[in-house]
Amino acid sequence: MTKQGKTYLKLIAVLSLCLIFIAVVFTFIYGTEEEDFRVLIRESAKIAAILFAISFCISSVHYFVDSNCTKRIRSFRPHLGLSFMVFHTFHLCSLIYLQMHLHPVFDLAKGVSLFAGSVAYIFMYLMALTTFPSFKKKLSINTWKYLHLIGGYWIWFIFFNSYFKNVMNKERYYFLFGLFSFVLVIRVGKTLHMRIFA
Ligand code: HEM
């Protein structure tokens, strides 16, 4: 495994241990009732959403801003993407616990949500795997680019849709809805600007 690959594995291990520790402390303090786990599901999704949004839009932000700061954040895109994967794996594990012990979320989920969510997880793990240099070099540049483009927009749409529904139905999460709207605008903006001016 490459030096870079080992760094990524260390990041995944440290973040996973931190999340397990937080979950144990959380359930120790608040208990293991259904609503407690729903808080873990929502909060893990929130952190995953922000990590994903930054990694999915930073190269477009850097295209327009072109500062040392955006350049630095862009160089951490693989780390941000893998951190998103860890937090969203926690979302999935909390859902599986909920399904097995408290509430049949998968049984009650609409078929289209289950399909969209499952495909999103398949994309997420394929994108995480191909972040490791030893797997990335097995794919052609174009295949890698299309996997991360289609997978990225598929995951973006589920987050955007989740927070759009929250804004419309529960009048909450305006910041997260705004963030995911900004991600789309800046990405499309970069594509159009490159087509027209580059
Ligand atoms: C098969 C897969 C999935 C199932 C069954 C599922 C189920 C759920 C459930 C039951 C909640 C509600 C928790 C509550 O408010 O009580 C939830 C929240 C959420 N899920 Fe998932 N989910 C899945 C996959 C995903 C994926 C792939 C994404 C994003 C790419 C995602 C994003 C979110 C977000 C953003 C929330 C929080 C919404 C809020 O705070 O109100 N979910 N999910």
Side-chain angles (χ1 to χ4, degrees), residues 12 15-16 19-20 22-23 26-27 29-60 77-131 145-188:
I12 292 171
L15 264 181
S16 304
L19 272 177
I20 292 165
I22 292 167
F26 180 93
T27 46
I29 296 171
Y30 296 101
T32 54
E33 297 303 314
E34 179 179 337
E35 195 38 44
D36 304 319
F37 267 87
R38 285 183 177 276
V39 171
L40 280 180
I41 291 170
R42 288 196 288 272
E43 295 310 313
S44 59
K46 257 187 229 157
I47 299 168
I50 293 169
L51 289 166
F52 171 80
I54 299 171
S55 65
F56 198 46
C57 79
I58 190 60
S59 69
S60 305
R77 221 172 19 175
H79 308 76
L80 290 164
L82 292 171
S83 305
F84 154 65
M85 183 270 288
V86 174
F87 275 89
H88 224 46
T89 299
F90 186 79
H91 181 75
L92 183 59
C93 295
S94 309
L95 286 165
I96 292 170
Y97 184 91
L98 199 66
Q99 167 76 24
M100 292 170 68
H101 301 285
L102 298 160
H103 181 83
V105 267
F106 292 101
D107 303 345
L108 296 176
K110 287 197 214 98
V112 66
S113 311
L114 217 47
F115 170 76
S118 308
V119 170
Y121 274 106
I122 294 168
F123 270 130
M124 181 180 85
Y125 290 120
L126 286 175
M127 290 157 77
L129 199 62
T130 53
T131 300
K145 273 194 182 154
Y146 281 116
L147 170 65
H148 285 254
L149 184 73
I150 300 167
Y153 272 113
W154 188 285
I155 294 167
W156 170 87
F157 180 74
I158 299 183
F159 279 124
F160 177 81
N161 188 42
S162 303
Y163 292 122
F164 173 69
K165 283 187 188 151
N166 268 283
V167 165
M168 300 311 279
N169 307 338
K170 301 178 185 164
E171 294 185 357
R172 62 180 184 183
Y173 301 153
Y174 290 95
F175 167 74
L176 286 161
F177 175 66
L179 174 64
F180 277 84
S181 307
F182 169 77
V183 168
L184 183 68
V185 170
I186 196 101
R187 286 188 62 97
V188 171

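Indexing begins at 1, ligand by ligand and atom by atom, following the structure's order.
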Peer 1: Measure across Tyr30 and Asp36 and return the closest heavy-atom pair with its distance rounded to 0.1 Å.
Peer 2: O-OD2, 3.2 Å

Peer 1: Side-chain contact test, heavy atoms from C-beta onward, threshold under 4.5 Å: evaluate it for Phe106 versus Leu98 and give yes or no.
Peer 2: no

Peer 1: Is the closest N or O pair between Tyr173 and ligand 1 shorter than 3.5 Å?
Peer 2: yes

Peer 1: Among protein heavy atoms, which sits nearest to atom 38 (C) of ligand 1, and what does the distance come to when rounded to 0.1 Å?
Peer 2: Asn166 ND2, 3.7 Å

Peer 1: Measure the distance from atom 14 (C) of ligand 1 to every protein heavy atom, then report the residue, atom name and distance (to 0.1 Å) of the closest one.
Peer 2: Arg42 NH1, 3.1 Å

Peer 1: Would you mind checking which non-hydrogen protein atom is closest to atom 29 (C) of ligand 1, with the distance to 0.1 Å?
Peer 2: His88 NE2, 3.3 Å

Peer 1: So which heavy atom in the protein is nearest atom 13 (C) of ligand 1, and how far is it from that ligand atom?
Peer 2: Arg38 NH1, 3.6 Å

Peer 1: Please say whether more than 12 non-hydrogen atoms of neighbouring residues, nucleotides or ligands are located less than 6.0 Å from OH in Tyr146.
Peer 2: no

Peer 1: Using the side-chain hydrogen bond (donor to acceptor under 3.5 Å, both in side chains) criterion, which residues pair with Asn166? Sequence neighbours excluded.
Peer 2: Arg172

Peer 1: Can you name the atoms of ligand 1, numbered from 1 with element, that are less than 4.0 Å from a heavy atom of Ile155?
Peer 2: 30 (C)

Peer 1: Could you check whether the rings of His91 and Tyr121 sit parallel, tilted or perpendicular, using 30° and 60° as the cut-offs?
Peer 2: parallel

Peer 1: Sort by chain and number the protein N/O/S atoms found under 2.8 Å from atom 21 (Fe) of ligand 1.
Peer 2: His91 NE2

Peer 1: Give the minimum heavy-atom separation between Tyr125 and Leu92, together with the two atoms involved.
Peer 2: OH-CD2, 4.2 Å

Peer 1: Any donor-acceptor pair under 3.5 Å linking the side chain of Trp156 with the backbone of Phe52?
Peer 2: no

Peer 1: Using modelled atom types only, decide if a donor and an acceptor are shared between the side chain of Arg187 and the backbone of Phe56 within a distance under 3.5 Å.
Peer 2: yes

Peer 1: If you draw a 6.0 Å radius around CD in Glu171, do more than 12 non-hydrogen atoms from other residues or ligands fall strictly inside?
Peer 2: no

Peer 1: Any chance you could lay out the side-chain contact (heavy atoms from CB on, under 4.5 Å) test for Val39 and Phe26, step after step, and finish with the verdict?
Peer 2: CA-CA 10 Å; Val39 171; Phe26 180 93; 3.9 Å; yes

Peer 1: Do the side chain of Tyr163 and the main chain of Gly178 share a donor and acceptor less than 3.5 angstrom apart?
Peer 2: no

Peer 1: Below 4.0 Å, non-hydrogen atoms only: which portion of Phe52 touches ligand 1? Side chain, backbone, both or neither.
Peer 2: neither

Peer 1: List the closest protein heavy-atom neighbour of atom 24 (C) of ligand 1: residue, atom name, distance to the nearest 0.1 Å.
Peer 2: Tyr121 CE1, 3.6 Å

Peer 1: When you measure from atom 10 (C) of ligand 1 to every protein heavy atom, which one gives the shortest distance, and what is it?
Peer 2: Val105 CG1, 3.4 Å

Peer 1: For ligand 1, which atoms have a heavy atom of Tyr163 less than 4.0 angstrom away?
Peer 2: 35 (C)

Peer 1: Give me the nearest non-hydrogen protein atom to atom 27 (C) of ligand 1 as residue plus atom name, then the distance to 0.1 Å.
Peer 2: Ala120 CB, 3.5 Å

Peer 1: Could you check whether any side-chain heavy atom of Leu40 comes within less than 4.5 Å of a side-chain heavy atom of Tyr97, counting everything from C-beta outward?
Peer 2: no

Peer 1: Less than 3.5 Å between some nitrogen or oxygen of Arg172 and one of ligand 1, yes or no?
Peer 2: yes

Peer 1: Considering only non-hydrogen protein atoms, determine which one is nearest to atom 5 (C) of ligand 1 and report residue, atom name and distance to 0.1 Å.
Peer 2: Phe106 CE2, 3.5 Å

